[in-house]
Amino acid sequence: MSTPIERVPKRLFIAGQWADAASGATMPVEDPATGQILCHVADAGPEDGRRAEEAAVAAQEEWARTAPRARSEILRRAYDIIISRTDELALLMTSEMGKPLAEARGEVAYAAEFFRWFSEEAVRIEGAYGTLPDGRNRMLLMRRPVGPCLLITPWNFPLAMGTRKIGPAIAAGCTMVLKPAPQTPLSTLALAAILQEAGLPDGVLNVVPTSGPGALVEPMLRGGRIRKLSFTGSTQVGRTLLTQCADTVVRTSLELGGNAPFIVFGDADLDVAVDGAMVAKMRNMGEACTAANRFFVHTSVADEFAARLAERMGSLVVGPGTEPGVDVGPLIDQAGRAKVADLVADAVERGAKVLAGGETPDGPGCFYPPTVLTGVDPGSRLMGTEIFGPVAAVLTFDDEDEVVRAANDTEWGLVAYVFTRDLSRALRVGERLEVGMVGLNTGLVSNPAAPFGGVKQSGLGREGGRVGIEEFLEYKYLAIPA
Ligand code: NAP
């Protein structure tokens, strides 16, 4: 019996064919729980990028003509296949990324749901016909696919960040080149094989894992044939890509970093707030753009909240994600862990008290313990950067204006969490927070049926929901004198 890793094609997927890189290069995929190499996959270079782009461009016209129902049914079949292979895909994801199997299964369901959602949207692309105000002219408004797209995904949700882009692109009739993160190519390659099995025509999706993203991507963005970039990743890389898109005015959707405030008012239900904090902080080991980064807790409940959070976080089981009973897997790599440890050391130097965790363990793998810090100085580095690890930094506040100002005092604006039993306050604060999403008495906002995205330097555009497909469609208007 072969293993899920053995069964994944480890080559580039271009024009419906599995192929080695033109240079013959490969790159290793590591298990972050052990540091061991799981396998090697083909490592695309600029020449492979050109071929993938060529395939997407060649397939575009016919794909745009394909019946919406046919596009819809490909997505629906792929949804069914993904769900039927949940355990296999979860194991693959845990092996290359580290998250515990239960969380990986959750991501498989979340990822599949984007295909089901957009299979339903594919057949609801509407236009309009109308009389213009002068009474003489008519307007025919149609929706057209944007054209060949470049999709770039991060490692933290290797399957869902792919389906959140591929789903609407297929539904809208766009072809694609997808560059997955080099740490997690296996989930994406498995997804490409599933779409092929579901009947996706050759060239509609092309997948090019690479260890040299700049040399592969920049010529595509500056070349004038790619019509859209959809990127999920850090704000820093997003800025670079936006600059490259300027040359040929490529349409962009950017899902970038966050620095989420988690606000607990004095009247909050603390059971609900601590449960919410566990999700908002610990989902994906804290390696999420939506992860609560700064906890602002009203002075009247701060000690109790921090003590209860420390107790819950301190009792989580840390270990390889494949082992039963493990709640917290390893971080993605040694660099990711070193960054988290540095941020904690800086906060402690500035006077923070460690209520749980805080020590980097010895031994193999990139593990870091769930950590709770109180008395955090607002000047600490972790206040102004994504921690991307299982560290909760707790600060206190006394009034509403003060906490809204502090929460908004960041270049990011992805998501905020607010805990209160006062509905008026919830709405007031919800309106004033400079973010794209607010979790009200909940630590989880992500849902394929809701528009996901941020304001300020957290990005441009939305993914999911009714608007998700809009990002892949243009308006075209026909003027008709009648
Ligand atoms: P990253 O370093 O920005 O990388 C994201 C992707 O961009 C990777 O595939 C990466 O490949 C690629 N890349 C890097 N430099 C590039 C270049 N010059 N040209 C083309 N591609 C390039 O981010 P990450 O560390 O993988 O992911 C974590 C970040 O993603 C966090 O900031 C997180 O907040 C954000 N994120 C946002 C959302 C959201 O929806 N808003 C969701 C998930 C994650 P290489 O690894 O080879 O550089």
Side-chain angles (χ1 to χ4, degrees), residues 27 29-30 41 43-46 49 96-97 99 107 110-111 114 150-165 177-185 187-188 207-222 226 229-245 250 252-260 283-293 331-333 335-336 339-340 385-389 410-415 435-437 445-448 450-464 468 471:
M27 60 184 184
V29 182
E30 276 181 26
V41 301
D43 183 358
E96 64 178 350
M97 188 276 165
K99 69 181 73 183
E107 184 180 337
Y110 174 53
F114 284 105
L150 175 61
L151 316 178
I152 302 180
T153 53
W155 48 263
N156 60 346
F157 292 97
L159 207 57
M161 296 303 97
T163 57
R164 200 161 78 171
K165 298 181 190 309
V177 176
L178 169 55
K179 190 211 85 60
Q183 296 92 335
T184 55
S187 298
T188 310
V207 180
V208 280
T210 178
S211 62
L216 185 132
V217 161
E218 189 169 355
M220 279 193 227
L221 292 180
R222 294 193 192 277
I226 290 293
L229 166 71
S230 179
F231 170 76
T232 298
S234 63
T235 298
Q236 195 190 355
V237 174
R239 277 190 208 109
T240 304
L241 297 177
L242 192 55
T243 309
Q244 294 172 9
C245 286
V250 173
T252 51
S253 300
L254 304 176
E255 294 288 349
L256 308 178
N259 184 4
R283 178 170 175 241
N284 224 39
M285 291 84 74
E287 294 173 317
C289 53
T290 50
N293 213 53
L331 298 183
I332 188 68
D333 52 26
K339 175 188 161 189
V340 172
T385 190
E386 286 186 289
I387 301 170
F388 244 58
T410 167
E411 71 203 35
W412 285 291
L414 187 63
V415 59
V435 290
M437 302 173 286
V445 295
S446 308
N447 189 303
F452 188 104
V455 300
K456 294 158 80 175
Q457 295 189 40
S458 284
L460 295 170
R462 294 291 181 272
E463 289 189 323
E471 302 280 338

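In each ligand, atom 1 is the first atom listed, and ligand 1 is the first ligand listed.
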(Q) On a heavy-atom basis, which atom in V29 and which in P185 lie closest, and how many Å separate them? (A) CG2-CG, 3.7 Å
Q. F452 ring centre to R462 NZ or CZ under 6.0 Å, with the angle to the axis within 45°?
A.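 Negative - R462 is either too far from the ring of F452 or too far off its axis.
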Q: Enter the distance from L256:CG to R239:CZ here, rounded to the nearest 0.5 Å.
A: 8.5 Å
Q. Quick one: CG on N293 to CG on L414, what's the gap to the nearest 0.5 Å?
A. 11.0 Å
Which atoms of ligand 1 are found less than 4.0 Å from any heavy atom of [X]?
X	answer
R164	39 (C), 40 (O)
T232	5 (C), 36 (N), 37 (C), 38 (C), 39 (C), 40 (O), 42 (C), 43 (C), 44 (C)
G257	32 (O), 34 (O)
P182	11 (O), 45 (P), 46 (O), 47 (O)
L256	34 (O), 37 (C), 38 (C), 39 (C), 41 (N)
L241	19 (N), 20 (C)
N156	43 (C), 44 (C)
W155	24 (P), 25 (O), 26 (O), 27 (O)

Q: Check each heavy atom of F231 against ligand 1 and say whether those closer than 4.0 Å belong to the side chain, the backbone, both or neither.
A: side chain
Q: Could you see which bit of T153 sits under 4.0 Å from ligand 1, with heavy atoms only: side chain, backbone, both or neither?
A: backbone
Closest approach of any protein heavy atom to [atom], naming residue and atom:
atom	result
atom 15 (N) of ligand 1	V237 CG1, 3.5 Å
atom 34 (O) of ligand 1	E386 OE2, 2.6 Å
atom 48 (O) of ligand 1	P213 CG, 3.8 Å

Q. Can you check whether V207 reaches P180 side chain to side chain, under 4.5 Å on heavy atoms?
A.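 A side-chain contact exists here, since the closest heavy-atom pair is under 4.5 Å.
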Q) Do the non-hydrogen side-chain atoms of P209 and M27 ever get within less than 4.5 Å of each other? A)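 In short, these two side chains touch, coming nearer than 4.5 Å.
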Q) Within the structure, does T240 bring an N/O atom to less than 3.5 angstrom of an N/O atom in ligand 1? A) no
Q.
Can a side-chain donor-acceptor contact be found between E96 and S187 if the only test is distance below 3.5 angstrom?
A.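 S187 vs E96: donor-acceptor pair found between side chains.
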Q. Between the candidates E463, M161, K179, which shows the shortest non-hydrogen contact distance to atom 11 (O) of ligand 1?
A.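 Going through E463, M161, K179 one by one, K179 has the nearest heavy atom to atom 11 (O) of ligand 1.
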Q: Only heavy atoms count here, so choose which of C289, G436, G212 is nearest to atom 39 (C) of ligand 1.
A: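 Going through C289, G436, G212 one by one, C289 has the nearest heavy atom to atom 39 (C) of ligand 1.
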Q. Would you say atom 4 (O) of ligand 1 touches the protein, meaning some protein heavy atom is under 4.0 Å from it?
A.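 Protein heavy atom within 4.0 Å of atom 4 (O) of ligand 1: absent.
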Q) Going by an N to O cut-off under 4.0 Å, is there a salt bridge joining K179 and E218? A) no
Q | Carboxylate-amine/guanidinium proximity below 4.0 Å for K165 and E463 | A |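 E463 and K165: salt-bridged.
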